[in-house]
Amino acid sequence: MISRREERMLREREPKFEDTLLSLIATGRQPKGIIREARKIIAIARKFNDEVARPASLVIDRKGLEDHRYLPWEYVKKANEYKLYTLFLPKMFGGQGYSPACSCYFMEELAATCLGMSNIVGAHYLGLTILLSTWNMKIAARICREVVEGEKSGSPCILTLAMTEPNAGTDSQNVEFMDKGGLGCHARRVDGGYVINGNKIFITMGHVSTWHIVQAYTALDKASETMVTFAVKTGQKGFSFGKQEKKMGQKGSVASELIFDECFIPDDQVCLDTEQAASLRRNIKETNEQLFAYIWSASRAGVGALGVGAARGAFETALDFASNHTIDGERMINHGWCQSMLAEMYKNVAAGRSLYSEANFANGMYGLLKLMNFKSIYYTNRFIPKAILLKLFSWICEKKAATWLFRLIYLDFQEDAEIDRVDGWGSMAKFAGSDAGAANCRMALELMGQAGVRHDRRAEKMMRDAKLLQIYEGTNQINRLNLFKRLVARSYEDVHTFSSSTR
């Protein structure tokens, strides 16, 4: 037997129990209703895949290969018809109110058929993630209502995240690099708002989106301390679209350039700036780092799920091929070498899913999803009619106190160890899942031989699509460094992470 004091001392040693037992801890804390929701969400994704994505995926890919300026408007509208853009919007904003904890399973299912088309939906929720991470409830409620209205009217209203710049990719995503990273999107304070000048590039689904959650900086040499997050609407004066990137894969989702030329953004579209952040307990640089952790912990878990979807799609394609082709009169699937390859591919899927699920559990208890996972709030959201919640919270969200309260709960009350936990696990899920997707696609091509490079066999498309996962949401190299920073280096005071030598 050990004393309570000894137990506490052992618990406080690295790695912390909470870092390694996420699924076990979540078993008792999270509502059991999420399991039923996950089953339903997967069924919704499979229906969309069967009826829309699978028949169209090769067609879209071919159109994108022939003309990189192709915009998949018809499939954006199809996703809107299937009500995919409001699935994870809370009922209090007029959405369908499915638990965001189910979103990773949903994205894996879509990605198993077509990564490009999965981002027709996934990019929208990335934009929603950064919008909600600022906890500006008035703006969030306004934009979410427009998404719901777009679903009803048949004119999709979807969101993007606009962060990457021509001279700053990863540098724009880490406070350690921002001040020397070549950032160029400048925000100038004027009466009643800000004026933005600069460009954003590689913005997924930019040309077909209505709202763009944009980050700009009032002092480019001190970007880490002067970041401002805006909600910019397509059609605003001074905002326009530039080129569409000529990508190798994921042709179903356009990558856009956004151009801001003396673009005035009124105060009621400023999600978070230094003035609003002044009341928070952390300084502005620490708050910006916390904001990134909220964004990446959720979005990188999602990219991990996309990678697992790619890994699963490649496995299923290779398995079908091996089941129907022979070598020396014997079906391929009966050869030991083939069985070993398929087993390795299956392992990659299972391991990747375990990691993004753990990241999801971290978010559900310590990050972006924690409030919605409280059992009392979860079941209130589930059983109270949407009309009542919408009417009540539409009034509440208009009050400044609502923004103050949510920022208090999510920003001020979040402990540093919790930030490390959610951000570290998000990075791990991201690079593990995307590496698994690329590995399985490569193995599928090896197993299928010449047949694998034929467009109609899908394997080569999957390989082109999967490669991009290792680059966006922070390259896998930077995510490995972030994992080290968040979950390893904190045990050693003399270890410097993201230092100049890293770059």
Side-chain angles (χ1 to χ4, degrees), residues 41 44-45 48-49 52-53 60 71-90 93-100 102-111 114-134 139-164 200 202-214 229-234 241 250 252-256 258 271 294-296 298-303 305-306 309 368-369 468-469 472-473:
I41 281 294
I44 291 170
F48 182 76
N49 279 347
V52 179
I60 289 179
L71 293 175
W73 270 113
E74 62 268 46
Y75 300 103
V76 173
K77 291 180 179 179
K78 276 291 184 183
N80 195 54
E81 290 173 17
Y82 278 71
K83 301 182 178 182
L84 302 188
Y85 296 126
T86 62
L87 280 175
F88 303 109
L89 263 63
F93 292 150
Q96 297 178 60
Y98 284 103
S99 173
C102 301
S103 61
C104 283
Y105 308 109
F106 178 75
M107 295 313 301
E108 178 196 330
E109 202 63 41
L110 291 182
C114 180
L115 272 172
M117 292 190 71
S118 68
N119 256 334
I120 287 177
V121 180
H124 166 69
Y125 287 108
L126 173 59
L128 183 66
T129 295
I130 188 172
L131 173 64
L132 293 179
S133 295
T134 66
I139 296 177
R142 170 188 171 187
I143 292 176
C144 287
R145 285 194 296 268
E146 289 193 27
V147 174
V148 174
E149 286 303 314
E151 180 180 279
K152 293 177 180 177
S153 67
S155 300
C157 174
I158 61 178
L159 284 67
T160 67
L161 165 60
M163 183 180 294
T164 305
K200 298 289 183 178
F202 298 117
I203 309 306
T204 304
M205 300 301 289
H207 276 75
V208 295
S209 294
T210 303
W211 282 97
H212 312 270
I213 312 304
V214 180
T229 302
F230 301 94
V232 181
K233 194 170 187 179
T234 295
F241 295 113
Q250 297 195 24
S253 57
V254 61
S256 307
L258 312 185
C271 302
Y294 266 123
I295 298 165
W296 299 137
S299 69
R300 285 171 175 166
V303 174
L306 292 177
L368 188 69
L369 313 181
L468 189 55
L469 297 175
Y472 59 50
E473 304 305 286

Results of side-chain contact (heavy atoms from CB on, under 4.5 Å) for Ser99 - residues two or more places apart only: Ile34, Glu37, Ala101, Cys102, Asn373, Tyr378
Test salt bridge (Lys or Arg N to Asp or Glu O under 4.0 Å) applied to Lys233 - qualifying residues, sequence neighbours left out: Glu146
Ring pair (Phe, Tyr, Trp, His ring centres under 6.0 Å) against Tyr85, all qualifying residues, sequence neighbours excluded: His124
4.5 Å side-chain heavy-atom contact, Tyr105 and Ile41: no
Heavy-atom check, side chain of Tyr125 versus side chain of Leu161, under 4.5 Å: no
Leu368/Thr129 under side-chain contact (heavy atoms from CB on, under 4.5 Å): CA gap, chis, key distance, verdict: CA-CA 8 Å; Leu368 188 69; Thr129 295; 3.7 Å; yes
Evaluation steps, side-chain contact (heavy atoms from CB on, under 4.5 Å), between Arg145 and Val148: CA-CA 5 Å; Arg145 285 194 296 268; Val148 174; 5.6 Å; no
Partner set under side-chain contact (heavy atoms from CB on, under 4.5 Å) for Ser209, not counting sequence neighbours: Ile158, Thr160, Met205, His212
Pair Thr86-Val147, side-chain contact (heavy atoms from CB on, under 4.5 Å): steps then yes or no: CA-CA 7 Å; Thr86 62; Val147 174; 3.9 Å; yes
Partners passing side-chain contact (heavy atoms from CB on, under 4.5 Å) against Cys271 (at least two apart in sequence or in another chain): Leu131, Thr134, Ile139, Thr229, Ala231
Ser103: partners by side-chain contact (heavy atoms from CB on, under 4.5 Å), with sequence neighbours left out: Phe88
Shortest non-hydrogen contact between Gly252 and Pro72, atoms and distance: O-CG, 3.1 Å
Partners meeting side chain to side chain donor-acceptor pair (under 3.5 Å) with Ser299 (sequence neighbours left out): Glu473
Qualifying residues under side chain to side chain donor-acceptor pair (under 3.5 Å), relative to Glu109, sequence neighbours excluded: Arg46, Arg312
Test item: Trp211 and Arg142 side chains (from C-beta on) under 4.5 Å apart, heavy atoms: yes
Exercise answer: donor-acceptor pairs, residues 114-123 side-chain atoms, under 3.5 Å, sequence neighbours excluded:
from   : atom 1 : to     : atom 2 : distance (Å)
Ser118 : OG     : Leu115 : O      : 2.6
Asn119 : ND2    : Gln250 : OE1    : 2.9
Asn119 : ND2    : Tyr472 : OH     : 3.1

All ring pair (Phe, Tyr, Trp, His ring centres under 6.0 Å) counterparts of Tyr82, not counting sequence neighbours: Phe48
Evaluation steps, side-chain contact (heavy atoms from CB on, under 4.5 Å), between Phe106 and Leu87: CA-CA 10 Å; Phe106 178 75; Leu87 280 175; 3.6 Å; yes
Non-neighbouring partners of Glu151 that pass salt bridge (Lys or Arg N to Asp or Glu O under 4.0 Å), sequence neighbours left out: none
